[in-house]
Amino acid sequence: MNTKQDYNQDLAEIRSMMERSSKFLSLSGLSGVLAGLYALTGSYIAYYIYDFDPGSANSSGVETEIILLALLVLVLAVGSAVLLSYKKAHKKGEKVWNPASKRLLSIVGIPLSAGAVFSLILFYEGSIGLIPSVTLIFYGIALYSAGRLTFNELSVLGLLQIALGLNAAYFTEHSLLLWALGFGVAHVIYGIYIHIRHER
């Protein structure tokens, strides 16, 4: 009986080692919550302070402020994700920069880079109303692709971002709201779920 239990325990340990080596599981649920809060705060500032509406021609003149605000949100979100992932990995005695994280970065890097370049093209062409849609769609593609190298729930979040992005492309007058739902509310819910499901 003990031999069977030892065998099952060995199998479980081997499975865990294989999963750790092939998947990046140091993503923190708290970083998702913080990213969502940053996005919601940025959306609030853009709409209520700068009176920015991507679907309206009356929003011209604040583009520089909006770009700087978006970059600030991005830096805060990425910085929080890196810092909290490092702390989580360190607590588990693992390294953040490992083969799994390198594969993850290569997978998400292409769609994110393409989305960033496409957004800059739209900005310079004056098609600001489509930028929230484009960022949601390309970000969603990146998340969907990354799901197989980390938590499966990430793929679901990616599909939701793509769906919101497609709606934002059609309903440009509501694109900032849909962006806030995708990058804000969805991230908060995802982060809380990941924390409860995988970190407690």
Side-chain angles (χ1 to χ4, degrees), residues 27 31-85 101 104-147 150 154-191:
L27 287 176
S31 67
V33 174
L34 290 176
L37 294 177
Y38 298 146
L40 288 172
T41 303
S43 300
Y44 177 88
I45 293 172
Y47 188 78
Y48 287 102
I49 295 180
Y50 291 124
D51 198 27
F52 179 70
D53 179 6
S56 172
N58 297 326
S59 293
S60 60
V62 295
E63 290 89 350
T64 302
E65 289 84 351
I66 297 302
I67 291 295
L68 292 175
L69 179 63
L71 288 174
L72 177 61
V73 169
L74 177 63
V75 169
L76 288 173
V78 172
S80 297
V82 171
L83 178 62
L84 292 173
S85 293
S101 61
L104 180 64
L105 185 61
S106 66
I107 285 177
V108 302
I110 293 175
L112 290 180
S113 299
V117 172
F118 192 16
S119 296
L120 286 174
I121 292 172
L122 291 173
F123 176 77
Y124 284 112
E125 291 295 323
S127 302
I128 298 175
L130 290 175
I131 293 179
S133 168
V134 167
T135 54
L136 282 167
I137 292 172
F138 279 89
Y139 181 63
I141 293 171
L143 292 185
Y144 180 79
S145 302
T150 181
L154 203 60
S155 292
V156 177
L157 180 62
L159 290 174
L160 176 61
Q161 303 288 353
I162 293 171
L164 288 170
L166 292 173
N167 276 279
Y170 186 78
F171 301 104
T172 54
E173 67 275 17
H174 302 301
S175 59
L176 185 60
L177 173 62
L178 291 166
W179 189 92
L181 286 174
F183 283 99
V185 177
H187 267 123
V188 171
I189 295 172
Y190 164 80

- CD on Gln161 to CG on Leu166, rounded to 0.5 Å: 11.5 Å

- Message: Could you check whether any side-chain N or O of Ser133 sits under 3.5 Å from a backbone N or O of Gly165, counting only pairs where one atom can act as donor and the other as acceptor?
- Response: yes

- Query: Looking only at heavy atoms, which two atoms of Leu157 and Ala186 are closest? And how far apart?
  - Reply: CD1-CB, 3.8 Å

- Message: Keeping Ser80 on the side-chain end and Ala77 on the backbone end, is there a donor-acceptor pair under 3.5 Å?
- Response: no

- Give, for atom CD1 of Ile162 and atom CZ of Phe138, the distance between the pair rounded to the nearest 0.5 Å. 10.5 Å

- Query: Any side-chain heavy atom of Leu34 sitting closer than 4.5 Å to one from Leu84?
  - Reply: yes

- Starting at CG of Leu74, measure out to CD1 of Ile67 and round the result to the nearest 0.5 Å. 11.0 Å

- Note on the structure: Here the pair of heavy atoms bringing Ala46 nearest to Leu176 is CB-CD2, 4.5 Å

- Task: Step through the shown structure and confirm whether more than 12 heavy atoms of other residues, nucleotides or ligands are within 6.0 Å of CD1 on Ile49.
- Result: yes

- Task: Scan Leu159, Leu178, Val185 and name whichever one has a side chain to side chain contact (heavy atoms under 4.5 Å, CB included) with Leu164.
- Result: Leu178

- Message: Using 0.5 Å steps for rounding, measure from the CG atom of Leu177 to the OH atom of Tyr47.
- Response: 9.0 Å

- Item | Minimum side-chain heavy-atom gap Phe183-Thr135 below 4.5 Å | yes

- Query: Taking the inter-plane angle between the rings of His187 and Tyr139 on a 0 to 90° scale, is it parallel (under 30°), tilted (30 to 60°) or perpendicular (over 60°)?
  - Reply: tilted

- Query: Looking at side-chain heavy atoms only, is the closest gap between Ile45 and Phe52 below 4.5 Å?
  - Reply: no

- Item | For Tyr38 against Val73, the heavy-atom pair lying closest together | O-CG2, 3.7 Å

- Query: Could you give the distance from CG (Leu69) to OG1 (Thr41), rounded to the nearest 0.5 Å?
  - Reply: 9.5 Å

- Message: Minimum heavy-atom separation for Ile131 and Ser119, please, with both atom names.
- Response: CD1-O, 3.7 Å

- Which distance, rounded to the nearest 0.5 Å, do you find between the CD1 of Ile66 and the CG of Leu71? 11.5 Å

- Item | Which atom of Leu130 lies closest to which atom of Ala169, heavy atoms considered | CD2-O, 4.1 Å

- If every non-hydrogen atom of Asn167 is compared with every non-hydrogen atom of Ala163, which pair is closest and at what distance? ND2-O, 2.9 Å

- Query: Quick check: are there more than 12 heavy atoms from other residues, nucleotides or ligands sitting under 6.0 Å from CZ of Phe123?
  - Reply: yes

